[in-house]
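Structure first, then comments.
In what follows, chains are A, B, ... by sequence order, proteins preceding strands, each numbered from 1. These numbers were taken from a predicted model, which means no experiment stands behind them.
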Amino acid sequence: MTDIIEELKWRGLIYQSTDRQQLRGWLAEGPRVLYAGFDPTSDSLHAGTLLGLVALRRFQRAGHRPIALVGGATGMIGDPSGKSEERNLLSEDQLRANVAGIEAQIRRFVDFDDAAAGGSLVNNYDWMSRFGYIEFLRDVGKNFPVNVMMTKDSVKSRLGSGDGGGAGGGISYTEFSYMLLQAYDFAHLFEQRGCHLQVGGSDQWGNITAGIDLIRRRNGAEAYGMTWPLLTKSDGSKMGKTESGAVWLSAERTSPYAFYQYWINVEDADVGRCLRYLTELGREEIESLDAARVSAPERRESQRRLAESLTQLVHGDEGLAIAQRATEIFFGAEIADLSDAQLGSIFADVPSGELDRERLGGEGLPVVDALVEATLAGSKGEARRLLKQGGVYINNRRAESQEQMLTAADLASESTIVLRSGKKRYALLRFS
RNA sequence: GGGGGGUUUCCCGAGCGGUCAAAGGGGUCAGACUGUAAAUCUGAUGGCAUUGCCUUCACAGGUUCGAAUCCUGUACCCCCCA
């Protein structure tokens, strides 16, 4: 049995926990059952949830038995933790779809099939939906003094915001009750599965301790809790966000290439933490990457390893290969002799235009027109300007003149020409 | 109700009868440099076409050979006096 606490500690992943010695002792005695929850607020998880997924995986590798809980029931209420405003409720259909999407993703991280590995995947809807309101109040609610609930950060931070006259502030009774549901989840897993430990992000501490309290009252037993720090950037902003939104784990929402690129671009100041928090690289390797970053920052080896290892984890070997190939091409490699399918997967995120194949015949298609068709230029004048300044590339080769004509010889694949303006604005033109 | 000021190209902001597609700055785009960083430097920045033409300075009308610039009316905004 690996000392998981020791590992989490050097990685900087322990933010808060119940009595450390006790917890460590309990974990050292043999395979232990623990759980972490995932909110089905969307049909895909994102970079922020990676931390939780990897955490369960670490526990499993260390010989423990992780339960991944998907909040099919709690998702109907909405966790107020870390939220400044009341949220809209999701429809049941939406929620069902989200749960299905998320479960598939969690499977990539935790092994639920091997009985010996002991992982399991549960949905709290399965036990929550059967509860009657009265029954829940008598059974669970009775154990929660409101004055204690009021002191939780998730509630406190929302109480101030409502009475100042600000629009829509405060907290509804519904969200206020959220912690009871999550606390009950813990108690349920404790009773049914012998789960004594709940882990989560630091914003979950209040919900976790609520569960520990409930178990103490209901079962007269001691349960444990542990949180990891939020993954933030050195400038204080959240990791895993781009101008265009969150970095998702699903290839449909964030292509493997875009995912890879996100991590390649992590700042020097943040990459060390990312390696520790998110990857399974060992201590020596990470420390040698730290050293390399000081002596040769321009090689960006830390970023490369980070991007490789996460892309591999989330999208598999194939996804990583696509991302790497796309990276080569996006950064200058000449594009030739590829297939439409290859180009399609590499340039999945890039705008494209369809044109009649005949336009490549005869004299050919003026580049100026091609740029406008591909929406790389807003007008022909703008297209000419780009050409004059040397900012136009055809299949990654700089266009040599303003009068250049595109013909069938310029096709990079069966039917596609790749146009680029500047360093990385790409567009495809398909001729059919 | 009375008096004064404003409305300019993506944004801020000059312009006050021709030399104005309209200074300057910001932004944006491109080039150089670079670590797929930051900073910096250079160039471009209404549209269409080879000179040139067309549309643009709140809106509508007018004066003039000629208006973003003058006059009249309309809309919106700001300030002052009631």
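- No hydrogens or angles were tested; on distance alone, a donor-acceptor pair under 3.5 Å links the side chain of Q261(A) to the base of U36(B).
- Residue L386(A) places its side chain closer to A30(B) than to any other of A30(B), A44(B), A37(B).
- Among the nucleotides C48(B), G35(B), A37(B), the one closest to any side-chain atom of K380(A) is C48(B).
- Looking at heavy-atom distances under 4.0 Å, T327(A) makes contact with a base.
- In the set A49(B), A44(B), G31(B), A49(B) carries the atom at the smallest distance from any side-chain atom of R384(A).
- Pair assignment for A21(B) gives none, since no Watson-Crick or G-U wobble pairing has each distance under 3.5 Å.
- Among the protein residues, Y262(A) comes within range of no part of the nucleic acid, since none of its heavy atoms lies under 4.0 Å from any strand.
- Pairing for C76(B) goes to G6(B), judged as Watson-Crick or G-U wobble with the two contacts each under 3.5 Å.
- Nearest heavy atom pair, residue M239(A) against residue K233(A), reads SD-CG, 3.6 Å.
- Heavy-atom minimum distance, I212(A) versus Y224(A): CD1-C, 3.7 Å.
- Nearest to the side-chain atoms of E267(A) among the listed nucleotides A37(B), G35(B), U36(B) stands A37(B).
- Along RNA chain B, the nucleotide nearest Y260(A) and the nucleotide nearest E382(A) are compared for position; the residue whose nucleotide lies closer to the 5' end is Y260(A).
- The CG atom of N265(A) lies 6.0 Å from the CZ atom of R300(A); values are rounded to the nearest 0.5 Å.
- Between the side chain of Q389(A) and the base of G43(B) there is at least one donor-acceptor pair of N/O atoms closer than 3.5 Å.
- Centroid-to-centroid, the aromatic rings of Y257(A) and F347(A) stay 6.0 Å apart or farther.
- Nucleic acid contact for R425(A): sugar-phosphate only, since backbone atoms but no base atoms lie under 4.0 Å from a heavy atom of the residue.
- Along RNA chain B, the nucleotide closest to S379(A) and the one closest to R385(A) are compared, and the more 5′ of them pairs with R385(A).
- Among the protein residues, R304(A) comes within range of no part of the nucleic acid, since none of its heavy atoms lies under 4.0 Å from any strand.
- Outside the 6.0 Å centre-distance limit, the rings of W228(A) and Y277(A) are not counted as a close aromatic pair.
- Among the protein residues, K423(A) comes within range of the nucleic acid bases, having at least one heavy atom under 4.0 Å from a base atom.
- Here Y393(A) reaches the OP1 or OP2 of G31(B): one of its side-chain N or O atoms lies under 4.0 Å away.
- Distance from the side chain of E298(A) is smallest to G35(B) among U36(B), A44(B), G35(B).
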